[in-house]
Colleague: 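What follows is a single structure, and I will ask about it in a moment.
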Number of protein chains: 2
Amino acid sequence: MALEHAILVSLAERATTGYDLARRFNSSIGYFWTATHQQIYKVLRRMEDDGWVRSTAVAQDGRPDKRVYEVTALGREQLHSWLAEPGDPETTRSELAVKIRGAAFGDPRTVAAEVRRHRALHAQRLEDYHKMAQRDFPEPAALRGQQLHQWLVLRGGIRLEEGLLDWYDEVAAALDPTITGPETS
Amino acid sequence: MALEHAILVSLAERATTGYDLARRFNSSIGYFWTATHQQIYKVLRRMEDDGWVRSTAVAQDGRPDKRVYEVTALGREQLHSWLAEPGDPETTRSELAVKIRGAAFGDPRTVAAEVRRHRALHAQRLEDYHKMAQRDFPEPAALRGQQLHQWLVLRGGIRLEEGLLDWYDEVAAALDPTITGPETS
DNA sequence: TTCCGCATGTAACCAGTTACATGATTAC
DNA sequence: GTAATCATGTAACTGGTTACATGCGGAA
């Protein structure tokens, strides 16, 4: 499992609550890893039992009490050694690709429309990434350390989305030649 | 779930055994969907209970008996309507991206080495895809129907791998400037 | 004689999703 | 008055992985 380690990375960057971790997994770190709050709370408790993190209850007024998590020395050790472990190569799982492959068993033009719909969603996501890049890393050449690493991952997200858009355009054009060119969404 | 539908697509292309389906999920269809034989047998049984597929026992000599599955009329209907359903956009999950983001909490150069290792694996995969493309689709412009759709998905796999290689090169260079340029593997 | 390919499965487990629940504060 | 934000959880379930099991035939 890698959610533990994704949490370790996120908490090592900054100690915070489970709630906030869940938000981070929907934005910054989320382009390459997602998790729901339920899953995060579950894993955090296990990590605390194992001594990888430690939590402090913080009372607040007007707002519910919260539990702030931070990485322990043992957690840092775990993270360090995990980073040196070799992992399996990525395997992608794309439902849309299955639909494209099966297009002949339905209506290829309907599948093309679905591809264009996904294209629009990913174009939006790409735009969001560009905005993040501009806002958080205006001068990429000057980056070092953690900032650089964060930027590299964001770059990966941008590349991935760009690649998808190109592919979707190619597929949509091939599946439905009556519509020409990519939309400008 | 989409494994059911991935199996429907594969079986609709050609009726076969669970064993052979498992092999297909490690090659052709496998660049965008993977499944173990255990999972496939489990799902096939459920699909048969639901009437999506039907199986025939075939005795063989020298080899164990086998059970050949084919898609029923109901299965084709299911496949047809699933192809028209809208799905969620893809979410990628990349353990390596988490490692890159966390590089500062370990040794960045060790992470760079891991990135280069993945680069080599994906370069190999890309080469395999190119060979498949050349062998199975020597004349892409002439493709129509199922063949065209299969080719489009293979194209997606090729694009994806190419994009990864570029990204890995960028990351490896940034994490470990002492080594210059991508390897020629 | 040892390993690989064909062929099918069971059992235990782990990771992740979906649905539901609570409750105060702030902004529209 | 209605919805969103902060904050944490339980319970049931689904999808997928890992380990183990069986057994024949052919090739090295």
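Since this is a predicted model, take the numbers as computed values, not measurements. Below, chains carry the letters A, B, ... as their sequence lines are ordered, and counting in each starts from 1.
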Colleague: Answer yes or no: is there a side-chain heavy-atom contact under 4.5 Å between Ser28(A) and Gln150(A)?
Modeller: no

Colleague: Any side-chain N or O of Gln60(B) less than 4.0 Å from the OP1 or OP2 oxygen of dC6(C)?
Modeller: no

Colleague: Whole-Å distance between dT10(C) C1' and Ile40(B) CD1?
Modeller: 17 Å

Colleague: More 5' along DNA chain C: Asp61(A) or His37(A), using each one's nearest nucleotide?
Modeller: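 The answer here is His37(A).
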
Colleague: Looking at five pairs on each end of the helix from dT1(C)-dA28(D) to dC28(C)-dG1(D), what is the angle between the two axes, given to 10 degrees?
Modeller: 40°

Colleague: Nearest 0.5 Å please: distance from the OG1 atom of Thr16(B) over to the OH atom of Tyr69(B).
Modeller: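 Atom-to-atom, Thr16(B):OG1 and Tyr69(B):OH are 11.0 Å apart.
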
Colleague: What are the residues of residues 4-29 of chain A, sorted by number, that bring a heavy atom to within less than 4.0 Å of DNA chain D?
Modeller: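 Within this stretch, Thr17(A), Gly18(A), Tyr19(A), Arg23(A) sit under 4.0 Å of the strand.
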
Colleague: Just how far, in rounded Å, is C1' of dT22(C) from OH of Tyr41(A)?
Modeller: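 Rounding to the nearest Å, OH of Tyr41(A) and C1' of dT22(C) are 13 Å apart.
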
Colleague: If you measure only the distance, is there a donor-acceptor pair under 3.5 Å linking the side chains of His130(A) and Gln134(A)?
Modeller: no

Colleague: What is the separation between atom CZ on Arg93(A) and atom P on dA15(C), rounded to the nearest whole Å?
Modeller: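 After rounding, the gap between these two atoms is 15 Å.
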
Colleague: Cut-off 3.5 Å, side chains only: do Glu48(B) and Ser55(B) have a donor facing an acceptor?
Modeller: yes

Colleague: With salt bridge (charged side-chain N to carboxylate O under 4.0 Å, His left out) as the test, would you mind laying out the steps for Glu90(A) and Arg93(B) before giving the verdict?
Modeller: CA-CA 8 Å; Glu90(A) 320 292 344; Arg93(B) 229 160 227 202; over 6 Å; no

Colleague: Is Asp20(A) paired with Arg23(A) through a side-chain N to carboxylate O contact shorter than 4.0 Å?
Modeller: yes

Colleague: Indicate whether OP1 or OP2 belonging to dT10(C) is found under 4.0 Å from a side-chain N or O atom of Arg45(B).
Modeller: yes

Colleague: Rounded to whole Å, how long is the line connecting atom CD of Gln39(A) with atom P of dG9(D)?
Modeller: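 The answer, rounded to whole Å, is 14 Å.
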
Colleague: Identify whether the distance between the nearest side-chain nitrogen and carboxylate oxygen of Glu4(B) and Arg46(B) falls below 4.0 Å.
Modeller: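 Between Arg46(B) and Glu4(B) there is a salt bridge, with a charged N closer than 4.0 Å to a carboxylate O.
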
Colleague: Please test Tyr168(A) against His122(A) for ring-ring contact (aromatic ring centres under 6.0 Å, His included), starting from the C-alpha separation and ending with a verdict.
Modeller: CA-CA 10 Å; Tyr168(A) 290 158; His122(A) 284 275; 5.5 Å; yes

Colleague: Salt bridge or not between Arg24(A) and Glu13(A)? Use side-chain N to carboxylate O under 4.0 Å.
Modeller: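 Salt bridge absent between Arg24(A) and Glu13(A).
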
Colleague: Side-chain heavy atoms under 4.5 angstrom apart, residues restricted to Ile, Leu, Val, Met, Phe, Trp, Tyr: same cluster for Trp167(B) and Met132(A)?
Modeller: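 Yes, one cluster joins them.
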
Colleague: May I ask you to say what Gln38(A) touches in the nucleic acid, namely base, sugar-phosphate or nothing, with a heavy-atom cut-off under 4.0 Å?
Modeller: base

Colleague: Salt bridge check: are Glu170(B) and Arg159(A) linked by an N-O gap of less than 4.0 Å?
Modeller: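 Looking at Arg159(A) together with Glu170(B), the answer is yes, because their closest N to O distance falls below 4.0 Å.
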
Colleague: For the pair made of CH2 in Trp33(A) and P in dA15(C), what is the distance, rounded to whole Å?
Modeller: 11 Å

Colleague: State which of dG16(C), dT17(C), dA12(C) makes the closest approach to the side chain of Thr36(A).
Modeller: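 Closest of the options to the side chain of Thr36(A): dT17(C).
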
Colleague: Near DNA chain D, counting only heavy atoms under 4.0 Å, which residues of residues 64-72 of chain A show up?
Modeller: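 Listed by number, they are Pro64(A), Asp65(A), Lys66(A), Arg67(A).
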
Colleague: Find which nucleotide of DNA chain D each of Arg63(A) and Lys42(A) is nearest to by heavy atoms, and output the residue with the more 5' nucleotide.
Modeller: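 Looking at DNA chain D, the more 5' nearest nucleotide goes with Arg63(A).
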
Colleague: What I'd like to find out is whether the side chain of Leu165(B) reaches to under 4.5 Å of the side chain of Arg119(B), using heavy atoms alone.
Modeller: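 Side-chain contact under 4.5 Å: yes.
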
Colleague: Please give, in whole Å, the distance from dT17(D) P to Leu3(A) CG?
Modeller: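 For the pair Leu3(A) CG and dT17(D) P, the rounded distance is 17 Å.
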
Colleague: Please determine if a side-chain N or O atom of Arg46(A) lies less than 4.0 Å away from the OP1 or OP2 oxygen of dC14(C).
Modeller: no

